[in-house]
Structures are given as C-alpha cells and as structure tokens.
Amino acid sequence: MTAPSANAQIGVTGLAVMGSNIARNFARNGYTVAVHNRSIAKTDALIADHGGDGDFVRTETMAEFAAALERPRRALIMVQAGDATDAVIEELAAVFEPGDIIIDGGNALYTDTIRREASLAERGLLFIGAGISGGEEGALLGPAIMPGGPAESYAAVGPMLEKVAAQVDGEPCCTHIGPDGSGHFVKMVHNGIEYADMQLIGEAYDLMRQALGMSAADMAAVFAEWNNTELASYLIEITAEVLAQVDAKTGKPLVDVIVDEAGQKGTGRWTVKSALDLGIPVTGIAEAVFARALSSSRAQRDAAEGLAAGTLAPAPADPRAFIDDIKAALYASKVVAYAQGFDQIAAGSREYGWNVDPGALATIWRGGCIIRAQFLDRIREAYDAGSDLPSLLLAPYFRDAVESGIDSWRRVVATAAQMGIPVPAFGSSLAYYDGLRAPRLPAALTQGLRDYFGAHTYRRIDEPGSFHTLWSGDHTEVTA
Ligand SMILES: NC(=O)C1=CN([C@@H]2O[C@H](COP(=O)(O)OP(=O)(O)OC[C@H]3O[C@@H](n4cnc5c(N)ncnc54)[C@H](OP(=O)(O)O)[C@@H]3O)[C@@H](O)[C@H]2O)C=CC1
Ligand SMILES: O=C(CO)[C@H](O)[C@H](O)COP(=O)(O)O
C-alpha cells in the first residue's frame, strides 16, 4: 500500500463484492489503484485481506481519493444503482476538475446514464456508463465490460478496461458500445437475456423433475452432459453444480431446501418496460420476469394450491427421448430469447442513434459475463455475415438448428400443458416463432374490431390507403 501522492492511475469507490474485486483486478494488472468506500471498514478489509494483490492507495474521504489520482483523474463507481450512484457522482464532481473521468460500473438505468452524462458534461467532466457482468468471480478474474459514452472518454479509459476484462481468443471482452446510455442499455438487455436463459433452464429442470420424476443428482448429470454440446454455457455449467450440491444440514439436495421464490433487482423489469416502449416483443424475457413475480406471490399461491388440474396425461413413455426433446426445446427457446434481445438492442440503437454493432456485442459476451455461451461465436458469425439480418432466427445456422428441433419443441410444450407443468418461456418462445413465420396473423380481425368500436381505420391487402367501415350506418366502406 502506498501513501496518497497523486499517482494512482485508477480509483474505485464502492468496495462491496464487485468493487473490491475489480479494484483487485486492476491492481493485479499492474495499476496503482486508489480505493474508497463510504464506510471505511470495507476499505480496510480489502487492504488487510488482499493488499498483496498489488499497489493500493487507501483513502478515507473523497478529497483524499481525488488527491490520490493522477490527472486526468479516472474513478470507477461500484455502488448501488439509483440514488446512491447520484450521491457518489455528486461527491466526486465536487472534488474533480474539468477533464476528469467518472465511470459508473453499476447496473444503472440507461436513461439515468443519459441524464448524468449530459449534466456532468456541462461541468466539464467526462462520463462513461459501463455495464459490467461476471459477478464476483468475473470482477476479479475478468468480466465482460460494456462501456458507453463519448469517444473522448473511452479513449482515456478504454485500454485499462480492456486489460482487466476477460479475454477470449486474444480479444478483450470489452469494446466501446457507443455514446451516452448505450453501454447500460446493452447491459440491461444482457440481464434480460440472463433472466430468460435462467427461466428456460428452470423449466427444463421442472420438466425433468415433475414429468420424469428425476433426482437432483440425475438432473445434474444431464446438465453436465448438455454442457458438452451446443448448449455449452456458463449458466448450464453452474446449473449442474447447483443441482449436485447436497445440503449439509439435511443431507437433501440443496435445491430442494431453497425457498421457491425468485428475487429480482430491476434490470429484467427495465428490459421489458423498454421493450414495450420500443414495440419489440421480448416474450421470453417478459415471461421470465413474470415467472419470478408469480413465484414471489406467496399468499396467492398458497390460496390457489387446491385448484383443480383437470385430467392430466401420464408421464412420457420414453424418458431418454423426452430428455432429448427438452434439450432441443431449450436450445430453440434460447435462440429465440437472444434473437429478441438483439432485436431490442437494434431498436434502442436506432431510437437513440447509438450505432451499436451486434457482432461486436456477441464478441464481448463470449467471455466473462453471466450469459457467456459457446453459441455466441455463431451469433457473431451471423451478424458479421450481414448486420441487416431481419432476425437471428433467419441466420442459416440458427434457422437449421431451430427447424431441426421444432418437433421436439412442440412435443415438450404440448406434454407440459397436458401434464399441468408450467412452461411459460418454452411456450411463449414457440408461439413467437410460430407468429413470426405465419403468413397471416389474427391482427386483421383486431384491426376490424378497432375500426368497429373506435373508427381506428384499417389498411386493405388489395389497395393502398386507409379505410373505415360505417359500422353504425349502412356498413359501406369509406376512405379514411
Ligand atoms: N453483485 C453482482 O453480481 C453484480 C452487481 N453489479 C452492480 O454493481 C454495483 C455494485 O454491486 P455490489 O458490489 O453487489 O454492491 P451493492 O449493490 O450491494 O452496493 C454496496 C455498495 O454501495 C455503497 N453505497 C450504498 N449506498 C451508498 C451511498 N448513498 N453513498 C455511498 N456509497 C453507497 C455501499 O457502501 P457501504 O459499504 O458504506 O454501505 C457499498 O460499497 C451495483 O450497481 C450492482 O447492481 C453488476 C454486475 C454484477
Ligand atoms: O448484473 C448482474 C449479472 O449480470 C447481477 O447479478 C444482477 O444483479 C442480477 O439481477 P437480479 O438480482 O435481478 O437477478
């Protein structure tokens, strides 16, 4: 540890799990790191436990923190999103000087990032809103980093961020996403996909548990096996580990003693709200958010437990074949979730003029982050082949993969319905796929009804223009 002398290349304020580990990551990569936390105990714990990782400068106040940083100052904030982030930005802005750079690495709402960047720019301060994914371990060993902000700000901090990010095939899992809120926007959608991915895994688990009566250990073996296939990903890998974990207190599988109510901090919900505003169907993500909400509606669930299930179908006759069907359904639904997420990113990019490169995004999500998966290589290839792809589902590789699994996907959704097992994400993903490929949708009738009750008009398939039928008159059609 060195005494404050304005030589730290980077500062980290907010030293909970993410901040302390990313500070250690910078130090391990040879940077002198000024460290600060609102309560000094966390700063001292970091220095006491991990001071040997590299060169840290311990600071107690924001003034000391600012004084420890070389010019232009670079500070990474890792605190709770929302008011806490605003409070820390204000404290930093009070002691920083024009040209200094503030990076918010928390899970900020992208519209907050847009506001913060504009307001700090008026004060001459540069701002980067950087989505960081990888959890505790990723922060230490190399996360995926999604920084958004002015090119000038990125030039000042990008090389450092790229150095501490995960590396895949010699490429850093960090790239300049675009201006202002773009980094936090793509991190938000990343988290939305994370929600969908976990919900789909949960449904696969529930099918094996309920339809096939498999033990947690047997399911762990299936997920471990799947992790050697096209499904290979961090979430599948850790699912095998969680399912294999035995509770020391009871000797039961840990998963069986965990309360079945899923928490959520907000990024999934924000993704769905933003998708609604942008008009992009992110059905897999939305079902995942709603499934967490349903799981947490304890009182309603308790009251509803005795509701009749009707006549239920027996278990599938061939368990091994059904496991293969579940695998195909999981893969196809996962492709839909990513396709929808990338659609939302494209729409956000158009709306805000960010020019986000989907291929570059797929590249940096290959390592470090929670949704890292082998098939991101395929997503990158798909976008590299043509960034005007109407949907990831139309890229030849994914089209073939989904088409070859479609019968399995239908069997799984039908069997789940017949056995009374809820599979909202599998089901809605299949419905989305069928809707997308349908030559004609029932929206025609919706338009007719809207015209009937609200004179909202409709277009015809055989003539240009807008039309209205005089529903309360003689039912003739007029040009609107
Ligand atoms: N945990 C994870 O897996 C991931 C988290 N993130 C994001 O990274 C950020 C940090 O996450 P995490 O490490 O889990 O920590 P938390 O989100 O739990 O935040 C705790 C930190 O925030 C500080 N803090 C809270 N309120 C204030 C305030 N008003 N003023 C100053 N400091 C304040 C705390 O200081 P004190 O110790 O004094 O209370 C502590 O350092 C969050 O935005 C989170 O969403 C991103 C990716 C993954
Ligand atoms: O950003 C993350 C990973 O990418 C965090 O782990 C995030 O907090 C998870 O969200 P939630 O708590 O809502 O499940």
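Read the numbers this way: they start at 1 and go in the same order the structure lists the ligands and their atoms.
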Starting from [atom], which protein heavy atom do you reach first, and at what distance in Å?
atom: atom 1 (O) of ligand 2; answer: Lys187 NZ, 2.7 Å
atom: atom 11 (O) of ligand 1; answer: Met18 CG, 3.8 Å
atom: atom 12 (O) of ligand 2; answer: Lys265 CG, 3.3 Å
atom: atom 14 (O) of ligand 1; answer: Val17 CG2, 3.5 Å
atom: atom 5 (C) of ligand 2; answer: Asn107 ND2, 4.1 Å
atom: atom 13 (O) of ligand 2; answer: Tyr195 OH, 2.5 Å
atom: atom 19 (O) of ligand 1; answer: Gln80 CG, 3.4 Å
atom: atom 6 (O) of ligand 2; answer: Glu194 OE2, 4.3 Å
atom: atom 9 (C) of ligand 1; answer: Val79 O, 3.5 Å

- Query: Can we call the ring centroids of Tyr110 and Trp270 under 6.0 Å apart?
  - Reply: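 No; Trp270 has its ring centre 6.0 Å or more from that of Tyr110.
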
- Message: Can you confirm if the aromatic rings of Phe375 and Tyr338 lie within a centre distance of less than 6.0 Å?
- Response: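 Yes.
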
- Message: Going by the closest heavy atom to atom 31 (C) of ligand 1, which one wins out of Ile40, Val88, Thr85?
- Response: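 When every heavy atom of Ile40, Val88, Thr85 is considered, Val88 comes closest to atom 31 (C) of ligand 1.
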
- Evaluating non-hydrogen atoms only, which member of Ala16, Gly105, Ala81 is closest to atom 20 (C) of ligand 1?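 It is Ala16 that holds the nearest heavy atom.
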
- Are any of the side-chain heavy atoms of Thr43 and Arg58 separated by less than 4.5 Å?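 Side-chain contact under 4.5 Å: yes.
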
- Message: Any heavy-atom pair between the side chains of Tyr397 and Glu230 that's under 4.5 Å?
- Response: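 Touching, per the 4.5 Å side-chain cut-off.
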
- Query: Of the backbone atoms (N, CA, C, O) and the side-chain heavy atoms from C-beta on, which set of Met78 has a member under 4.0 Å from an atom of ligand 1: side chain, backbone, both, or neither?
  - Reply: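 It is both backbone and side chain that touch ligand 1.
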
- Query: What atoms of ligand 1 come within less than 4.0 Å of a heavy atom belonging to Ser39?
  - Reply: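 The atoms of ligand 1 under 4.0 Å from a heavy atom of Ser39 are 36 (P), 37 (O), 38 (O).
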
- Relative to the heavy atoms of Asn107, which atoms of ligand 1 are at a distance of less than 4.0 Å?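 Going through ligand 1 atom by atom, the ones under 4.0 Å from Asn107 are 6 (N), 7 (C), 43 (O), 45 (O), 46 (C).
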
- Non-neighbouring partners of Lys273 that pass side-chain contact (heavy atoms from CB on, under 4.5 Å), sequence neighbours left out: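 Applying side-chain contact (heavy atoms from CB on, under 4.5 Å) to Lys273 gives none.
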
- Message: Check contact between Arg292 and ligand 2, using heavy atoms of the residue and a distance below 4.0 angstrom.
- Response: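 Distance cut 4.0 Å: Arg292 passes for ligand 2.
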
- Message: Counting only nitrogen or oxygen atoms and a 3.5 angstrom limit, does Asn37 reach ligand 1?
- Response: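 Indeed, backbone or side chain, Asn37 has an N or O that close.
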
- Query: If you measure from each heavy atom of Ser133 to ligand 1, is any distance below 4.0 Å?
  - Reply: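 Contact check Ser133 vs ligand 1: negative.
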
- Task: If the plane angle is over 60° it's perpendicular, under 30° parallel, otherwise tilted; pick one for Phe26 and Tyr31.
- Result: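 Phe26 vs Tyr31 ring planes: perpendicular.
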
- Message: Taking side-chain contact (heavy atoms from CB on, under 4.5 Å) as the criterion, tell me which of Val246, Asp247, Leu254 meets it with Thr250.
- Response: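 Checked Val246, Asp247, Leu254 against Thr250; only one passes side-chain contact (heavy atoms from CB on, under 4.5 Å): Asp247.
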
- Item | Short side-chain to backbone donor-acceptor contact, Gln340 and Thr283, under 3.5 Å |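 Side chain of Gln340 to backbone of Thr283, a donor-acceptor pair under 3.5 Å: yes, one is there.
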
